[in-house]
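First up is the structure itself, then whatever we jot down about it.
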Amino acid sequence: MVISEAKPAIPVAGGYLTRKKLLKNLETIGNGAMINALLDSMRASSPTRGGPYDAQDHNSWIVRHPSALTEFEEITSASKGKQIVVFLDYDGTLSPIVNDPDRAFITNEMREAVKNVAENFPTAIVSGRCRTKVYNFVRLSELYYAGSHGMDIKGPSKGHRQTKGNQTVMCQPAREFLPMIDEVYKALVEKVRYIPGSKVEHNKFCLSVHYRCVEEKRWCELADQVKRVVKNYPLLRLSQGRKVFEIRPTIKWDKGNALEFLLESLGYAESDDVFPVYIGDDRTDEDAFKVLRVREQGIGILVSKAPKETNATYSLQEPSEVMHFLKRLVEWNKTKPLIN
């Protein structure tokens, strides 16, 4: 996702911190008020953090973003006569959010559910992770994989019987940034290696600095080190996710662009006969939800236990509900009446 200075990027109480404000906070790290603002934004990046529960707000949010399981018949009715294409985030959607990103394993039951979905519908995993790393987690060759927030896309070697376009798609719009990303990765590893619990992850076309296992008293120090590196590379942008800093190229390419590219590659660019279903839990998935809103096609499903601003239409609470939804989708497809 490309973060512009005028676009909301970081959730905080009452709104979002833009990248400009984030960097300003980091530049004034010695100021007590700024430190507090930065800490608030870093705390807010983890929805699992305990906080006061407002049942009224939650119920109001559910009315606006009802469960995709409860409204399953409404969803399938809207897809009638159209080709469903399934898009899935990985972390927090197919696998739980864990302290060690290298151990975000998918369960065998979830893998089987995704495999069955791919046998019935064209299916893609769209993740901020390195494409090859996600593939090694999932190990299903029949899927489309879009890694690095959609900047590294590859299709299966064998096309899906319900697609009309190019099956072995390959898209790497940020290839020219590879040497720079490698350079920044080495610099970040050197800068944060003294901070216990920190982890720099190389996602090929983007980088992630995880602080889920870092003591809160050292969060500002970590953020300052990250900022010191990134400010030397004006062609890269800094954003914040779920207890992670993301460093990406400035090109206008995000998960929404990846969704549109895949639909075009599958032969559904200008088609009214397609029904994309995008399921994700992260702020970066909002770009894809927004594309579906603009296209007035398909649905976005946000995976979250807590109310949050979203362009998604429906919601699911956790990966176990995602698995249940995928299983129902397959069962429905097998039993639905044929349309002449």
Show your reasoning for whether salt bridge (charged side-chain N to carboxylate O under 4.0 Å, His left out) applies to Glu190 and Arg193. CA-CA 6 Å; Glu190 180 63 27; Arg193 66 191 180 99; 3.1 Å; yes
Could you tell me whether the side chains of Asp152 and Gln172 share a donor-acceptor contact shorter than 3.5 Å? yes
Check this for me, if you would: do Arg212 and Asp100 make a salt bridge, where the nitrogen-to-carboxylate-oxygen distance has to be below 4.0 angstrom? no
side-chain contact (heavy atoms from CB on, under 4.5 Å) test vs Ile279 passes for just one of Leu326, Val126, Asp285, namely Leu326
Keeping Glu331 on the side-chain end and Lys327 on the backbone end, is there a donor-acceptor pair under 3.5 Å? no
Looking at Asp224 and Cys220, would you say the former's side chain and the latter's main chain have a donor-acceptor pair under 3.5 Å? no
Looking just at side-chain N and O atoms, do Glu318 and Ser320 make a donor-acceptor pair shorter than 3.5 Å? yes
Provide the closest heavy-atom pair for Glu260 versus Val291 in the form atom of the first, atom of the second, distance. CG-CG1, 3.6 Å
Decide yes or no for Tyr135 and Leu140: does some side-chain heavy atom of the first lie under 4.5 Å from some side-chain heavy atom of the second? no
Using the rule that two of Ile, Leu, Val, Met, Phe, Trp, Tyr join whenever any of their side-chain heavy atoms come within less than 4.5 Å, decide whether Val294 and Leu292 are in one cluster. no
Would Tyr268 and Gln83 satisfy side chain to side chain contact (heavy atoms under 4.5 Å, CB included), going step by step from the backbone distance to the final call? CA-CA 9 Å; Tyr268 296 110; Gln83 173 59 55; 3.2 Å; yes
Any Lys154 side-chain heavy atom under 4.5 Å of Tyr144 side chain: no
Can you tell if the side chain of His202 reaches within under 4.5 Å of the side chain of Asp182, non-hydrogen atoms only? yes
Once salt bridge (charged side-chain N to carboxylate O under 4.0 Å, His left out) is applied, do any residues pair with Lys186, and if so which ones, sequence neighbours excluded? none
Consider only side-chain N and O atoms of Tyr194 and Gln225, and report whether a donor and an acceptor are under 3.5 Å apart. no
Any side-chain heavy atom of Thr93 sitting closer than 4.5 Å to one from Pro319? no
Can we say Arg218 and Glu221 salt-bridge, meaning some charged N sits less than 4.0 Å from an Asp/Glu carboxylate O? yes
Do the side chain of Ser95 and the main chain of Ile106 share a donor and acceptor less than 3.5 angstrom apart? no
I'd like to know if the side chain of Glu201 pairs up with that of Tyr185 as donor and acceptor (distance under 3.5 Å, no hydrogens or angles considered). no
According to side-chain hydrogen bond (donor to acceptor under 3.5 Å, both in side chains), who are the partners of Asp89, at least two apart in sequence or on a separate chain? Lys255
Yes or no on side chain to side chain contact (heavy atoms under 4.5 Å, CB included) for Glu215 and Ile195, after CA distance, side-chain angles and deciding distance? CA-CA 9 Å; Glu215 288 186 278; Ile195 302 177; over 6 Å; no
Test side chain to side chain contact (heavy atoms under 4.5 Å, CB included) on Arg248 and Leu236 and set out the steps. CA-CA 5 Å; Arg248 307 176 216 170; Leu236 299 179; over 6 Å; no
Between Val86 and Leu329 the two heavy atoms that sit nearest each other are CG2-CD2, 4.1 Å
Between Glu216 and Tyr211, do the side chains contain a donor N or O and an acceptor N or O under 3.5 Å apart? no
With a 4.0 Å cut-off on N to O distance, would you call Asp282 and Arg242 a salt bridge? no
Can you confirm whether Pro276 sits close enough to Leu263 that some side-chain heavy atom of one is under 4.5 Å from a side-chain heavy atom of the other? yes
Is the shortest side-chain heavy-atom distance between Asn203 and Ser208 below 4.5 Å? yes
Would you say Thr107's side chain and Met110's backbone share a donor-acceptor pair under 3.5 angstrom? yes
Would a distance-only check, ignoring hydrogens and angles, find a side-chain to backbone donor-acceptor pair under 3.5 Å from Trp253 to Gly150? yes
Could you walk me through whether Lys231 and Leu238 pass side chain to side chain contact (heavy atoms under 4.5 Å, CB included), step by step? CA-CA 9 Å; Lys231 74 174 184 178; Leu238 176 67; over 6 Å; no
With no hydrogens and no angle check, is any side-chain donor or acceptor of Gln297 less than 3.5 Å from a backbone partner on Ser271? yes
Walk me through whether Glu321 and Arg328 qualify under salt bridge (charged side-chain N to carboxylate O under 4.0 Å, His left out). CA-CA 11 Å; Glu321 289 198 352; Arg328 285 188 66 179; over 6 Å; no
Aromatic ring pairing Phe137/Tyr90, orientation class (parallel under 30°, perpendicular over 60°, tilted between): parallel
Please tell me if the side chains of Val244 and His210 come closer than 4.5 Å, counting only heavy atoms from C-beta onward. yes
Indicate yes or no for a side-chain donor-acceptor contact from Thr123 to the backbone of Phe121 under 3.5 Å, with no hydrogens or angles considered. yes
Whether the side chain of Ser265 engages the backbone of Phe261 through a donor-acceptor N/O pair (distance < 3.5 Å, no angle test) should be reported. yes
Of all heavy-atom pairs linking Leu316 and Ser67, the shortest is CD2-OG, 4.3 Å
Is it true that Glu286 and Lys308 make a salt bridge, defined as a side-chain N closer than 4.0 Å to a carboxylate O? no
Could you walk me through whether Phe289 and Tyr278 pass the ring-ring contact (aromatic ring centres under 6.0 Å, His included) test, one step at a time? CA-CA 7 Å; Phe289 296 153; Tyr278 190 107; 5.6 Å; yes
State plainly whether the residues Glu246 and Arg237 are in salt-bridge range, i.e. N to O under 4.0 Å. no
Could you tell me whether the side chains of Asp254 and Thr284 share a donor-acceptor contact shorter than 3.5 Å? no
Mind checking whether Phe105 and Leu143 sit in one hydrophobic cluster, side chains of I, L, V, M, F, W, Y counted as touching below 4.5 Å? yes
Could you check whether any side-chain heavy atom of Phe325 comes within less than 4.5 Å of a side-chain heavy atom of Ile75, counting everything from C-beta outward? yes
